[in-house]
Amino acid sequence: MADAKPLSMPVGATGVLVLASGEILWGRGFGAEGDAVGEVCFHTAMTGYQEIMTDPSFAGQIINFTFPHIGNVGANPDDIEADDPHALGMIVRQDVTEPSNFRSTEHLDAWMVKHKRIGLSGIDTRALTRRIRLGGAPNGVIAHSKEGKFDLDALLEKARGWPGLEGMDLAITVSCETHFGWEGGVWKLGAGYDTSRPQTKRPQVVAIDYGSKRNIFRNLVQAGADVTVLPATATFEQVMAFNPDGFFLSNGPGDPAATGEYAVPVIRQLLETGKPLFGICLGHQLLGLAVGAQTTKMFQGHRGANHPVKRLEDGAVEITSMNHGFAVERESLPANARETHVSLFDGSNAGIELTDRPAFSVQYHPEASPGPQDSLYLFERFVWMMA
C-alpha cells in the first residue's frame with residue numbers, strides 16, 4: 001500500500017476508506033450512504049458474514065474481510081447474533097453478487113441498507129490486511145456516496161479525532177437493558193431452532209451480558225442449562241436474586257479494563273460463592289482482571305474462524321473462532337490461576353482456570369457461529385460442574 005494520497009478520485013468511485021495516517025483507498029460503495037469512524041480490523045473467516053456483522057463484540061470496528069466473496073449467499077433472518085449489526089461497516093474485494101443459496105431471503109446490499117451499515121468493495125483487501133499486520137489496527141472512516149462526493153479533509157479529521165478502543169467501555173452500549181429468560185437451542189438444517197421446552201429440572205445459569213452472541217445462550221441450553229440473562233451493570237444482589245447454580249460471563253466489545261470498573265467487583269463477589277463460573281472472550285479477560293491479572297491492547301488482534309489453540313493438559317489442538325483485540329498477560333496471572341490454552345499463532349494466552357475455585361474461561365468462541373465446533377465440550381463441562 002502506498003502512503004501518499006491519490007491526487008484525484010478514480011472514475012466511478014462511490015466509496016472510500018480514509019485512515020488516520022492519511023492513506024486513502026478508493027472503491028465502490030454499497031449498503032447505506034454516509035460515513036462511520038472506528039478501528040479497521042481484518043477477519044479471515046470464509047463464511048458467516050452475517051454472524052460477524054451482528055456480533056456485538058465488533059462494536060466500534062470496521063471489518064476488512066480477507067475472503068473475497070462476501071454476500072454470495074445473501075442474507076436471512078436466522079444467521080444473526082443480535083437484532084442489528086454492531087460492526088460499523090465491511091470492506092470486501094469483489095462486488096456483492098446476486099445471492100445463490102436456498103436459505104437466502106434478502107440481498108446483502110438491501111440488508112446493509114436496512115440496517116444503516118456501509119459497505120466498500122473493489123479494495124485490495126490483502127494489501128490492507130498486510131498493512132494492519134505490519135502497522136497495527138488503524139483508526140479510519142468508511143464512507144459511501146452514490147454521487148461520489150466526499151469531503152476528504154473532514155473525513156481525515158474525523159479519523160484522527162476518534163480516540164480508539166483503548167480505555168473505551170462499549171459493553172454498556174450493547175448490553176441488554178433488563179433481565180430476560182432465554183429459550184431455545186441450536187439451529188438444525190430442516191428444523192430451524194430448537195424451541196422444545198425440557199420438562200426435567202436443569203441447572204440455573206445467570207448470564208451477564210457484556211455483548212453476548214445468541215448462539216452462546218443456545219449452546220448453554222443445548223448443553224442442559226436454563227439461562228437467565230442480566231445486563232452488564234447487574235449487581236451481585238441482582239444476580240443472586242435468581243438463585244443460580246452457576247454464572248456465565250459473556251463476550252463483548254471494548255477495553256476490558258474500562259468495563260472492569262463496574263464488572264470486576266461483582267465478579268469477585270460471585271467467585272466467593274464457590275459456584276461454577278465460565279467466561280468467554282471479554283468474560284475471560286474480566287475473570288483475569290478479577291483475580292489480579294492484567295490485560296493489554298494487542299497489536300492487530302485475533303479475528304477469524306480458523307485459529308489453532310493448544311490445550312495444555314493433553315497437547316490437543318483445537319481449531320477455534322476468535323474475535324478479540326485485548327489479551328490477558330500470562331506473566332501477570334496470580335498463583336491460583338493456571339493457564340489452560342495458548343494461541344499457536346502468537347503464543348498469547350487463550351484460557352485459564354482457577355485452582356481454588358470452580359471457575360474457568362477461554363479467549364476464543366466455542367459456540368462456533370461462525371466457525372468450527374472443536375470446543376463445544378466447554379459448555380457441557382460447565383453444566384456438568386453445576387450438576
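Atom CD of E331 sits in a crowded spot, with more than 12 heavy atoms from other residues, nucleotides or ligands closer than 6.0 Å. Atom NZ of K310 is surrounded by 12 or fewer heavy atoms from other residues, nucleotides or ligands within 6.0 Å. Other residues, nucleotides and ligands contribute over 12 non-hydrogen atoms within 6.0 Å of the CH2 atom of W187. More than 12 heavy atoms of other residues, nucleotides or ligands shown are found within 6.0 angstrom of CZ on R103. Heavy-atom neighbours of E157 CD from other residues, nucleotides or ligands within 6.0 Å: at or below the threshold of 12. Q269 CD: more than 12 foreign heavy atoms inside a 6.0 Å radius. Crowding of M385 atom CE: a count of heavy atoms from other residues, nucleotides or ligands under 6.0 Å exceeding 12. Under a cut-off of 6.0 angstrom, the local environment of CD in E237 is crowded, with over 12 non-hydrogen atoms contributed by other residues, nucleotides or ligands.
A donor-acceptor contact under 3.5 angstrom links the side chains of Q204 and D226, judged on distance only. If you check the side chains of Q285 and Q363, you find a donor sitting under 3.5 Å from an acceptor. Checking N64 against T125 by side-chain atom types alone, no donor-acceptor pair falls below 3.5 Å. Inspection of the H365 and N215 side chains reveals no N or O donor paired with an N or O acceptor under 3.5 Å. Between the side chains of T340 and E353, no donor-acceptor pair of N or O atoms lies under 3.5 Å. Between E318 and T320, the side chains place no donor N or O within less than 3.5 Å of an acceptor N or O (distance only, hydrogens not considered). Of the N and O atoms on the side chains of T259 and D169, at least one donor lies less than 3.5 Å from an acceptor on the other residue. Inspection of the H43 and N323 side chains reveals no N or O donor paired with an N or O acceptor under 3.5 Å.
A pairwise comparison of heavy atoms in V383 and L220 identifies CG2-O, 4.3 Å as the closest pair. Shown here for G164 and M168, the closest heavy-atom pair between the two residues is O-CE, 3.1 Å. The two residues T233 and Y262 come nearest to each other via the heavy atoms CG2-CE1, 4.1 Å. Across all their heavy atoms, V174 and H86 have their closest contact at CG1-ND1, 3.6 Å. Between L19 and P138, the shortest heavy-atom contact is CD2-CG, 4.1 Å. Residues A337 and V291 share a closest heavy-atom pair of CB-CG2, 4.4 Å.
Within the 4.5 Å cutoff, the side chain of Q61 has heavy atoms near those of the L165 side chain. In this structure, E272 and R357 have side chains that are in contact, with non-hydrogen atoms separated by less than 4.5 Å. Between F150 and I24 the shortest side-chain heavy-atom distance does not fall below 4.5 Å. Looking at F30 and V92, their side chains come closer than 4.5 Å, going by heavy atoms from C-beta outward. P244 places none of its side-chain heavy atoms less than 4.5 Å from the side chain of T228. Annotation: side chain of M298 is in contact with side chain of D346 (closest heavy-atom distance under 4.5 Å). Here the side chains of W182 and R214 are in contact, with some heavy-atom distance below 4.5 Å. Between S348 and H302 there is a side-chain heavy-atom pair separated by less than 4.5 Å.
Taking the six-membered ring where the residue is Trp, the centroids of F326 and H324 are separated by 6.0 Å or more. Taking the six-membered ring for Trp and the full ring otherwise, F360 and F278 have centroids separated by under 6.0 Å.
A salt bridge is absent between E166 and K297; no separation between the charged side-chain nitrogens and carboxylate oxygens falls under 4.0 Å.
F247 and V227 fall into different hydrophobic clusters, where Ile, Leu, Val, Met, Phe, Trp and Tyr residues are linked whenever their side-chain heavy atoms come under 4.5 Å apart, directly or through other members. Connection of Y210 to L271 is established within a shared hydrophobic cluster, with ILVMFWY side chains joined at heavy-atom distances below 4.5 Å, either directly or through further cluster members. Residues V73 and M112 share a hydrophobic cluster, clusters being chains of Ile/Leu/Val/Met/Phe/Trp/Tyr side chains in contact below 4.5 Å. Cluster membership for I118 and I63, using ILVMFWY side-chain heavy atoms within less than 4.5 angstrom, is not shared. Hydrophobic clustering (side-chain heavy atoms under 4.5 Å, transitive across Ile, Leu, Val, Met, Phe, Trp, Tyr) keeps V205 apart from V239.
Distance check: C281 SG to D55 CG gives 8.0 Å after rounding to the nearest 0.5 Å. Atoms NZ and CD, on K213 and E367 in that order, are 4.0 Å from each other to the nearest 0.5 Å. From L289, atom CG reaches atom CD of E261 across 9.5 Å, with rounding to the nearest 0.5 Å. Within the model, atoms CG of L25 and CG of D124 stand 8.5 Å from one another, a figure rounded to the nearest 0.5 Å. For the atom pair CG of L108 and CE of M90, the computed distance is 5.0 Å after rounding to the nearest 0.5 Å. Note that the CD1 atom of I267 and the CG atom of L286 stand 4.5 Å from one another [nearest 0.5 Å].
No donor-acceptor pair under 3.5 Å is formed between the side chain of S321 and the backbone N or O of G371. Distance alone, capped at 3.5 Å, places no donor-acceptor pair between the N139 side chain and the R160 backbone. Of the possible polar contacts, one joining the S57 side chain to the G252 backbone as a donor-acceptor pair under 3.5 Å is found. Checking side-chain atoms of T173 against main-chain N and O of L170 turns up a donor-acceptor pair under 3.5 Å. Judged purely by atom type and a 3.5 angstrom limit, T14 uses its side chain to pair as donor or acceptor with the backbone of G29. Side chain of D255 to main chain of G167: a donor-acceptor pair is present (N/O by atom type, distance under 3.5 Å, no hydrogens or angles).
The aromatic rings of Y364 and H341 sit perpendicular to each other, their planes meeting at more than 60°, with 30° as the lower class boundary.
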Review point. What's the verdict on side-chain hydrogen bond (donor to acceptor under 3.5 Å, both in side chains) for S121 and D95, showing C-alpha distance, side-chain angles and the deciding distance?
Key: CA-CA 5 Å; S121 66; D95 290 337; 2.7 Å; yes

Point to revise | Stepwise side-chain contact (heavy atoms from CB on, under 4.5 Å) test for E106 and K114 | key: CA-CA 11 Å; E106 195 171 17; K114 181 171 66 179; 3.2 Å; yes

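Stacking of R311 on the aromatic ring of Y377 is recorded, both the 6.0 Å distance cut-off and the 45° axial limit being met.
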